[in-house]
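Step one of this worksheet: look at the structure below.
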Amino acid sequence: MSTAEDGRRRAEQYLRLVAAGEQSAADELLAAVTDLTELTYVGAAFTAISRSGARTLSPAHRAQATGRHMRLTALRDSAKRDPAALRTWLAALAGEAVFVRGMLDVAAARAAQDGPVSGAG
């Protein structure tokens with residue numbers, strides 16, 4: 001039986017594969033998630049990753065992420081307990097997690113480029 005820890009592990013593994021440019025291996029990882037319970041736990045992990053990451057974005061980007069999360073929630077709710085429909089939701093949710101991680105990487109690179117902010121005095 002799948003657990004929340006297993007779901008988080010799979011979600012992180014997916015994100016590592018995508019970051020390494022191994023999209024086909026990442027797609028295979030998601031394709032192996034077939035059980036309704038597994039879908040739920042992996043989806044919950046992607047949700048936690050993307051929402052926690054979105055909280056650290058700028059207010060405008062955070063607002064956009066909130067809108068995307070609402071659409072993903074509606075997609076999940078419309079899928080009910082249909083595994084095929086939930087797979088569509090899982091793929092969209094994985095894409096959102098990748099997108100948010102990318103936004104965080106851009107923000108970190110920009111902050112590093114700008115250097116530390118000195119106080120006015």
Side-chain angles (χ1 to χ4, degrees):
M1 165 139 354
S2 185
T3 64
E5 184 178 314
D6 187 46
R8 179 70 176 207
R9 182 190 56 76
R10 287 183 186 193
E12 288 291 349
Q13 183 180 4
Y14 175 89
L15 293 172
R16 279 192 301 277
L17 288 168
V18 170
E22 298 179 32
Q23 186 64 52
S24 54
D27 291 341
E28 288 176 21
L29 178 75
L30 282 189
V33 180
T34 57
D35 179 70
L36 191 59
T37 303
E38 292 173 332
L39 285 164
T40 301
Y41 281 122
V42 176
F46 279 130
T47 298
I49 290 166
S50 65
R51 287 192 178 178
S52 66
R55 284 187 204 109
T56 64
L57 296 172
S58 70
H61 289 125
R62 190 169 50 245
Q64 291 172 348
T66 298
R68 290 190 306 271
H69 289 143
M70 291 173 65
R71 286 188 291 283
L72 288 166
T73 299
L75 182 61
R76 181 204 61 211
D77 291 349
S78 69
K80 302 203 187 286
R81 297 182 57 83
D82 176 9
L86 284 170
R87 292 188 62 65
T88 301
W89 162 73
L90 186 63
L93 198 51
E96 175 64 12
V98 168
F99 182 72
V100 168
R101 284 263 172 108
M103 296 283 291
L104 293 171
D105 291 344
V106 168
R110 187 171 294 144
Q113 181 182 12
D114 293 342
V117 177
S118 61

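Residue numbers count from 1 along this sequence. Side chains included, hydrogens not; waters and symmetry mates left out as well; all remaining heavy atoms used.
The two atoms that bring Ala79 and Leu86 nearest to each other are CB-CD2, 3.7 Å, heavy atoms only. Taking every heavy atom of both residues into account, Trp89 and Leu75 meet most closely at CA-CD2, 3.7 Å. The heavy-atom pair separating Val18 from Ala26 by the smallest distance is CG2-CB, 3.7 Å. The minimum heavy-atom distance between Ala54 and Val100, with the atom names listed, is N-CG1, 3.6 Å. Residues Ala32 and Glu38 share a closest heavy-atom pair of O-OE1, 4.1 Å. Heavy atoms only, all atoms of each residue included: Ser50 and Ala97 are closest at CB-CA, 3.9 Å.
Every residue was checked against the side-chain hydrogen bond (donor to acceptor under 3.5 Å, both in side chains) condition with Ser24, not counting sequence neighbours, and none meets it. For Arg62, there are no side-chain hydrogen bond (donor to acceptor under 3.5 Å, both in side chains) partners two or more places apart in sequence or in a different chain.
Between His69 and Thr47, every side-chain heavy-atom pair lies at or beyond the 4.5 Å cut-off.
By the criterion of side-chain heavy atoms lying less than 4.5 angstrom apart, applied directly or through intervening Ile, Leu, Val, Met, Phe, Trp or Tyr residues, Leu72 is grouped together with Leu15 in one hydrophobic cluster. Leu39 is connected to Val98 through a chain of hydrophobic side-chain contacts under 4.5 Å among Ile, Leu, Val, Met, Phe, Trp and Tyr, so both are in one cluster. In terms of hydrophobic clustering, with Ile, Leu, Val, Met, Phe, Trp and Tyr side chains grouped at heavy-atom distances under 4.5 Å, Phe99 and Leu57 are assigned to a common cluster. At a threshold of 4.5 Å between side-chain heavy atoms, the hydrophobic network of Ile, Leu, Val, Met, Phe, Trp and Tyr places Val106 and Ile49 in two separate groups.
Look at Arg51 and Glu96 and you find no salt bridge, because none of the NZ, NE, NH1 or NH2 atoms lies under 4.0 Å from a carboxylate O. Ionic pairing of Arg10 and Asp6 is present here: one or more N-O contacts between side-chain nitrogen and carboxylate oxygen are shorter than 4.0 angstrom.
Between the side chain of Arg87 and the backbone N or O of Leu30, at least one donor-acceptor pair lies under 3.5 Å.
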### Task
Could you walk me through whether Leu17 and Gln23 pass side chain to side chain contact (heavy atoms under 4.5 Å, CB included), step by step?
CA-CA 7 Å; Leu17 288 168; Gln23 186 64 52; over 6 Å; no
### Message
Set out, in order, the CA-CA distance, both residues' side-chain angles and the distance that settles side chain to side chain contact (heavy atoms under 4.5 Å, CB included) for Arg9 and Glu5, then state yes or no.
### Response
CA-CA 6 Å; Arg9 182 190 56 76; Glu5 184 178 314; 5.8 Å; no
### Query
Which is it for Thr73 and Arg76 under the side chain to side chain contact (heavy atoms under 4.5 Å, CB included) test, yes or no, and what are the steps along the way?
CA-CA 5 Å; Thr73 299; Arg76 181 204 61 211; 3.4 Å; yes
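With values rounded to the nearest 0.5 angstrom, Glu22 atom CD is found 12.5 Å from Tyr14 atom OH. Separating the CZ atom in Arg55 from the OG1 atom in Thr66 is a distance of 9.5 Å, to the nearest 0.5 Å.
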